[in-house]
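Counting starts at 1 for both ligands and their atoms, following the listed order. Quick note: residue numbers are just sequence positions, from 1.
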Amino acid sequence: MFKGVEADQAMNSDRQTPPRAFIFTFGCQMNEYDSDRMARILAERGFESTRDLKRADLIVLNTCSIREKAVQKVMSFLGRLRPLKEDRPSLIIVVTGCVAQQEGEKLLKQAPYLDLVLGTHALHRLPELLDWIMTDRRPVCHTDFEYHLPPPPPLTSGDVRVRAYLTVMQGCDNFCAYCVVPYVRGREISRPPEEILTEARDLVAHGVREIILLGQNVNSYGRGLEPPVTFADLLTRAADLPGLKRIRFTTSHPKDLSPGLISAMAELGPVCEHVHLPVQSGSSRILKAMSRGYTRADYLDRVEALRRACPDVALTTDIIVGFPGETEADFQESLDLVSRVRFDGMFSFKYSDRPITRAARFEPKVDETVKSRRLAELQALQKSITLELNQALIGQRVQVLVEGRGKRYPDQLTSRTRGNKVVNFNGPDELIGCLAYPLIVQAWPNSLVGLLPDAESDPAPRKAGRPSS
Ligand code: 5AD
Ligand code: SF4
């Protein structure tokens with residue numbers, strides 16, 4: 001409970017039920033992890049979670065500012081909260097995440113019904129700041145960088161799931177010309193390995209079987225830690241955790257893809273053969289303008305090294321179209337790189353000017369209609385490649401980890417291959433949380449359909465003789 005005031009008394013004195021918190025997450029997996037962490041912090045303080053905005057006593061928007069469209073989504077959601085606050089002045093509204101960090105005090109002026117603007121380094125301060133607001137009722141903005149990532153409270157027995165995110169480092173030192181992340185998440189900071197492993201053990205004790213290690217630049221994990229530790233070391237230690245069947249990680253920067261990491265992935269049983277390796281552009285000229293720190297040829301060399309060590313590795317990427325100065329020839333190089341590498345999947349975006357970043361001042365800007373056309377062309381190419389790669393799995397038995405019942409088709413189990421492809425198939429609930437080996441019988445661009453010949457499940461994770469994915 002809160003220090004001065006009991007949470008439920010402060011929110012609604014004539015109600016016997018606990019106060020309810022509604023957390024809405026925009027953006028990336030790190031935000032999902034942070035939202036989960038805030039949910040645990042709030043649960044410790046007596047909050048129940050609700051999915052019903054109208055019944056919430058506390059609304060937290062965990063926001064993203066990576067592109068202008070993301071910020072617009074947040075602002076329009078925030079606008080919808082105004083009448084709720086007018087109806088019920090005791091409602092507390094918090095904006096956190098990257099928009100909070102980027103806009104700070106300005107947000108309080110734009111949305112005077114907001115109670116708290118909470119920066120990306122201050123999530124652990126949520127209880128004390130709520131406490132303050134409840135007694136004082138004056139809006140607060142806290143966006144200092146603290147460079148300290150305290151571990152989240154332990155899970156409760158209600159938190160049951162098969163896969164979970166675990167942030168191992170945050171921030172970024174790369175300052176790519178287009179990217180707001182170093183400004184809104186601060187410099188790179190890695191969590192100590194012992195703390196990460198303790199959190200991982202807690203997740204496994206609560207039924208988690210797959211952990212996705214997160215960092216804006218996860219493969220540079222360890223910089224600044226004493227004693228020195230690399231990301232490959234962390235993977236090696238995590239791979240030894242009893243009960244943990246799979247480990248993934250994201251996002252990797254091509255320039256930091258070390259031979260040590262490649263061999264860790266090739267050798268460690270639980271580490272899945274999937275690398276999300278954002279290339280951003282296929283043109284060396286544009287990569288240079290973006291300050292990515294590698295050329296097109298460097299990127300292709302890394303992919304080759306990766307595939308040599310790990311022939312069935314699944315590769316996904318991010319590409320931006322319409323970076324300032326991107327010509328038709330530059331764009332053709334992006335298309336060509338995609339055709340050569342044949343990524344399993346791709347996230348692609350139209351370049352968006354971000355305040356503060358260097359590229360916001362770069363000229364000439366590419367016309368919006370040109371960006372849209374390039375994006376559509378790129379996505380059509382990738383869709384056909386993804387479909388071909390997925391179709392190539394028809395007739396194979398692949399190792400999947402079963403995550404639960406499908407949302408759209410609850411009669412089916414939903415699962416993922418080691419390469420992160422979704423496979424849906426009929427099977428019993430007992431398989432949830434287990435490894436299984438369905439036969440792939442149908443392929444779509446976004447998922448595969450499997451058939452389970454028998455109820456085979458759960459052999460120990462292994463590298464040799466592993467069915468491909
Ligand atoms: N405009 C468009 N896309 C961007 N990304 C990052 N900044 C921008 C921007 N200003 C994309 C990159 C990154 C992904 C998370 O978002 O591709 O890898
Ligand atoms: Fe942004 Fe570049 Fe850092 Fe990725 S590596 S978070 S794109 S600055």
Side-chain angles (χ1 to χ4, degrees), residues 25-33 63-73 97-99 101-102 120 165 167-190 212 214-221 223 231 249-257 275-283 286-294 298-299 302 315-326 330-331 334 337-338 343 345-362 365-368 370-372 374-375 378-379 382:
T25 313
F26 297 84
C28 67
Q29 294 149 325
M30 291 188 96
N31 269 11
E32 282 183 40
Y33 175 83
T63 63
C64 168
S65 67
I66 195 90
R67 283 168 292 276
E68 186 53 32
K69 217 159 123 193
V71 178
Q72 283 163 2
K73 271 196 222 160
C98 297
V99 175
Q101 190 68 45
Q102 183 179 296
T120 53
Y165 297 124
T167 293
V168 300
M169 50 97 67
Q170 81 152 320
C172 181
D173 291 347
N174 287 320
F175 289 92
C176 299
Y178 51 82
C179 187
V180 78
V181 166
Y183 305 97
V184 292
R185 292 268 172 181
R187 296 300 87 76
E188 270 179 35
I189 168 173
S190 294
I212 303 117
L214 300 178
Q216 252 91 29
N217 202 4
V218 77
N219 47 345
S220 71
Y221 169 83
R223 262 185 221 155
F231 187 55
F249 53 91
T250 197
T251 289
S252 304
H253 196 299
K255 76 177 169 49
D256 298 321
L257 190 70
V275 185
H276 183 62
L277 200 64
V279 64
Q280 311 297 2
S281 169
S283 151
I286 295 296
L287 289 171
K288 188 160 184 231
M290 288 175 162
S291 307
R292 287 292 288 173
Y294 54 86
D298 295 334
Y299 185 89
R302 303 269 144 96
L315 268 177
T316 52
T317 201
D318 293 344
I319 293 192
I320 297 175
V321 299
F323 185 78
E326 185 189 70
D330 293 317
F331 173 62
S334 290
L337 182 131
V338 168
F343 294 103
M346 175 202 293
F347 297 103
S348 46
F349 313 98
K350 289 194 265 183
Y351 167 78
S352 160
D353 263 342
R354 299 289 65 226
I356 329 175
T357 62
R358 278 173 295 131
R361 297 188 302 277
F362 290 179
K365 301 290 186 221
V366 175
D367 197 78
E368 277 304 309
V370 173
K371 282 189 210 169
S372 301
R374 289 182 187 167
L375 187 69
L378 183 65
Q379 289 180 341
Q382 182 56 49

Could you tell me whether the side chain of [Y] reaches within less than 4.5 Å of the side chain of [X], counting heavy atoms only?
X	Y	result
F249	N219	no
T251	Q216	no
Y299	L257	no
C179	I66	yes

Please work out, at 4.0 Å between heavy atoms, whether the side chain, the backbone, both, or neither of [X] comes within that distance of ligand 1.
X	value
K350	backbone
F349	side chain
I66	both

Taking only heavy atoms of [X] into account, list the atoms of ligand 2 that are under 4.0 Å away from them.
X	result
N174	5 (S)
F175	8 (S)
H253	5 (S)
C172	3 (Fe), 5 (S), 6 (S), 8 (S)
P182	8 (S)

Nearest non-hydrogen protein atom, [atom]:
atom	answer
atom 1 (Fe) of ligand 2	C179 SG, 2.2 Å
atom 10 (N) of ligand 1	S352 O, 2.8 Å
atom 15 (C) of ligand 1	D318 OD2, 3.8 Å
atom 11 (C) of ligand 1	R67 NH1, 3.2 Å

- Kindly determine whether K371 and E326 satisfy salt bridge (charged side-chain N to carboxylate O under 4.0 Å, His left out), including the steps that lead there. CA-CA 10 Å; K371 282 189 210 169; E326 185 189 70; over 6 Å; no

Enumerate the atoms of ligand 1 whose separation from the nearest heavy atom of [X] is less than 4.0 angstrom.
X	result
I320	3 (N), 4 (C), 5 (N), 12 (C), 17 (O)
R354	10 (N)
Q280	12 (C), 13 (C), 17 (O), 18 (O)

- List the steps, then state whether ring-ring contact (aromatic ring centres under 6.0 Å, His included) holds for Y178 with Y351. CA-CA 8 Å; Y178 51 82; Y351 167 78; 7.4 Å; no

- Task: Assess whether atom CZ of F175 is packed by more than 12 heavy atoms of other residues, nucleotides or ligands within 6.0 Å.
- Result: yes

- Query: Considering residues, nucleotides and ligands other than K255, do more than 12 of their heavy atoms fall under 6.0 Å from its NZ?
  - Reply: yes

- Task: Classify the side-chain pair T25/E32 by whether it contains a donor and acceptor separated by less than 3.5 Å.
- Result: no

- Task: Check whether the side chains of R374 and S334 place a donor and an acceptor atom closer than 3.5 Å, and report yes or no.
- Result: no

- Message: Tell me whether R292 reaches ligand 2 (any heavy atom closer than 4.0 angstrom to a ligand atom).
- Response: yes

- Item | ligand 2 contact on Y178 by region, counting heavy-atom pairs under 4.0 Å | side chain

- How does P278 reach ligand 2, by side chain, by backbone, by both or by neither, if only non-hydrogen atoms under 4.0 Å count? neither

- Message: Rounded to the nearest 0.5 Å, what separates atom OH in Y221 from atom CG in D256?
- Response: 15.0 Å

- Item | Heteroatom distance test (Y351, ligand 1): nitrogen or oxygen, under 3.5 angstrom | no

- Heavy atoms only: which of F323, F347, Y178 is nearest to atom 8 (C) of ligand 1? Y178

- Could you go step by step and tell me if R223 and M169 meet the side-chain contact (heavy atoms from CB on, under 4.5 Å) rule? CA-CA 10 Å; R223 262 185 221 155; M169 50 97 67; over 6 Å; no

- Is there a side-chain hydrogen bond (donor to acceptor under 3.5 Å, both in side chains) between S220 and E188 once you walk through the steps? CA-CA 9 Å; S220 71; E188 270 179 35; 2.9 Å; yes

- Report yes or no: does C176 have an N/O/S atom closer than 2.8 Å to atom 1 (Fe) of ligand 2? no

